[in-house]
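Notes follow once the structure below has been shown.
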Amino acid sequence: EECLRRELSEELSGTKIKNIRFYKTIHGKSQSEYNIKVNVYLIDRIGRGKIEASGEIEDCYFVPYSSVRRCNLTGLTKKIVKSLHRNDHF
């Protein structure tokens, strides 16, 4: 939990979170074609301020599910987004 809090705060400019819940592990291929597994968590964000990219993140923004297909996502990210949507988390 502490690692997730720290990473989100560093990469998304001071973002604070609460209510961390494990969602599921999703298996797939990395961009470099390695088999990997990703542990996906659901969180609640504290506050309503603007989320800004920092650190290794170039840009960030919210996208409605209806627009996701126009985004340049990796296969694994698409798999995660579809799973979240199927289970009413998106």
Heavy-atom pair with the smallest gap, counting every atom of Ser13 and Ser54: N-OG, 3.2 Å

Interatomic distance, Leu8 atom CG to Ile57 atom CD1 [nearest 0.5 angstrom]: 9.5 Å

Lys78 versus Leu73, closest heavy-atom pair with distance: CE-O, 3.3 Å

Pair Arg6 + Glu2: basic N to acidic O under 4.0 Å: no

Enclosure of Lys29 NZ (heavy-atom neighbours >12, cutoff 6.0 Å): yes

Whether over 12 other heavy atoms sit under 6.0 Å from Asn72 CG: no

Arg45 side-chain N/O to Ile43 backbone N/O, donor-acceptor pair under 3.5 Å: no

Where Arg69 and Ser66 come nearest, the two heavy atoms and their spacing: NH1-O, 2.9 Å

Reported NZ-to-CD1 distance for the pair Lys79 and Ile26, which is rounded to 0.5 angstrom: 7.0 Å

Hydrophobic cluster membership, Val40 vs Phe62, 4.5 Å side-chain cutoff: no

Electrostatic pair Lys16-Asp44, nearest N-O below 4.0 angstrom: no

Within-4.5 Å side-chain heavy-atom neighbours: Thr15 and Ser9: no

Nearest atoms (heavy-atom pairs only) where Cys60 meets Ala53: SG-N, 3.6 Å

Common cluster, Leu42/Ile80, ILVMFWY with side-chain heavy-atom separation under 4.5 Å: yes

Atom pair OH/NE2 of Tyr65 and His89 - distance to nearest 0.5 Å: 13.5 Å

Whether over 12 other heavy atoms sit under 6.0 Å from Tyr61 OH: no

hydrophobic_cluster_shared for Ile20 and Val38, side chain cutoff 4.5 Å: no

Where Glu11 and Glu56 come nearest, the two heavy atoms and their spacing: OE1-N, 2.8 Å

Separation between CG of Leu76 and NZ of Lys37, rounded to the nearest 0.5 Å: 13.0 Å

Shortest non-hydrogen contact between Val63 and Val68, atoms and distance: CG1-N, 4.0 Å

Check: Tyr41 ring centroid to Tyr23 ring centroid under 6.0 Å: no

